[in-house]
Amino acid sequence: GQQLNQSPQSMFIQEGEDVSMNCTSSSIFNTWLWYKQDPGEGPVLLIALYKAGELTSNGRLTAQFGITRKDSFLNISASIPSDVGIYFCAGPLGSGTYKYIFGTGTRLKVLA
Amino acid sequence: DAGVIQSPRHEVTEMGQEVTLRCKPISGHDYLFWYRQTMMRGLELLIYFNNNVPIDDSGMPEDRFSAKMPNASFSTLKIQPSEPRDSAVYFCASSFGGSLAQYFGPGTRLLVL
């Protein structure tokens, strides 16, 4: 079946550093979503991307929809302790459906 | 405004027992989703409803799992009988219309002994 592979699986960084993570698929996606999950909570939508090549920012977060439509990237600038959590990419399985597949997640830890 | 409400937050039960998880979506949202999260399989969509009608239940693992939405403000996910491999965090999420933004509840942590 379809899978969304995220890398890296986990990362430890120093406060203030920039972070980059990506998500790849064997299939084409028409929409990419990025979620963050804090410990003990449900995922929260950070950014939604709708077309190939699109670059969208939300504060210190910037996400890009890869031009092949098989990948997406998330960058966090000047990381802070509250950026700790698991970041998931997600996309709908086909058009006109709300059935999303979620990536394997990137676990981020920020050292103060 | 209250977000998605789930109960209980934690459930410990013995194998073979019936488990019922509850969800109250955000008022006005017409889509409701049930997800399961495990270390091995990640976050998986089990079933989703639109206007209280199940649209896609292909993610429901077995006949032991059933979900209902009797009205716009309440849904249940039932497991009967429960098995240890059902241990996971179960999330309910809701959304409005064509919005891609799904709002997740805090989850129910289920442990089946």
Side-chain angles (χ1 to χ4, degrees), chain A residues 1-10 21 23-26 29-51 54 56 58 61 63 65 69 72 74 85-107, chain B residues 2-10 21 23-26 29-51 53-61 69 88-110:
Chain A
Q2 287 182 299
Q3 275 191 312
L4 293 180
N5 295 307
Q6 291 186 243
S7 66
Q9 283 189 319
S10 63
M21 61 188 78
C23 179
T24 59
S25 168
S26 56
F29 278 75
N30 294 316
T31 301
W32 285 98
L33 308 168
W34 283 94
Y35 283 82
K36 182 194 177 198
Q37 184 175 20
D38 290 330
E41 301 292 333
V44 173
L45 181 66
L46 299 173
I47 293 178
L49 302 161
Y50 301 99
K51 60 180 181 180
E54 180 180 354
T56 298
N58 178 6
L61 278 62
F65 193 140
R69 294 164 63 193
S72 180
L74 178 69
I86 306 176
Y87 291 80
F88 292 100
C89 59
L93 287 170
S95 60
T97 176
Y98 289 88
K99 186 170 183 176
Y100 291 176
I101 181 173
F102 279 75
T104 50
T106 292
R107 187 180 298 269
Chain B
V4 174
I5 299 173
Q6 291 187 246
S7 65
R9 290 294 308 273
H10 303 273
L21 311 181
C23 175
K24 176 178 169 55
I26 293 172
H29 283 191
D30 53 352
Y31 283 84
L32 184 139
F33 307 82
W34 281 102
Y35 288 88
R36 177 173 69 176
Q37 186 175 40
T38 62
M39 288 294 292
M40 290 297 296
R41 301 177 65 90
L43 198 59
E44 305 173 279
L45 177 66
L46 300 177
I47 185 172
Y48 78 90
F49 296 82
N50 177 222
N51 291 323
V53 176
I55 302 301
D56 188 328
D57 66 354
S58 58
M60 295 286 263
M69 192 165 186
V89 182
Y90 291 82
F91 289 104
C92 175
S94 70
S95 69
F96 174 70
S99 172
L100 290 172
Q102 293 184 16
Y103 294 84
F104 282 74
T108 295
R109 291 186 176 276
L110 173 65

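The sequence lines fix the lettering, A, B, ..., with proteins before strands; numbering per chain opens at 1. Computed from a prediction, not measured in an experiment: that's the story for all the values here.
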Engineer: Could you pull out the closest heavy-atom pair between L4(A) and S25(A), with the gap in Å?
Structural biologist: CD2-CB, 3.4 Å
Engineer: Looking at residues at least two apart in the chain, or sitting in another chain, which of them share a ring-ring contact (aromatic ring centres under 6.0 Å, His included) with F88(A)?
Structural biologist: none
Engineer: Heavy-atom cut-off 4.5 Å, strictly under: side chain, backbone, both or neither for Q102(B) against chain A?
Structural biologist: both
Engineer: Which atom pair, heavy atoms only, marks the closest approach of Y98(A) to G97(B)?
Structural biologist: OH-O, 2.8 Å
Engineer: Considering only heavy atoms, which portion of R9(B) lies under 4.5 Å from any heavy atom of chain A: side chain, backbone, both, or neither?
Structural biologist: side chain
Engineer: Quick check on Y103(B) against chain A: is it the side chain, the backbone, both or neither that has a heavy atom closer than 4.5 Å?
Structural biologist: neither
Engineer: List the atom of Y35(B), the atom of A93(B), and the distance in Å for their closest heavy-atom pair.
Structural biologist: CE1-CB, 4.3 Å
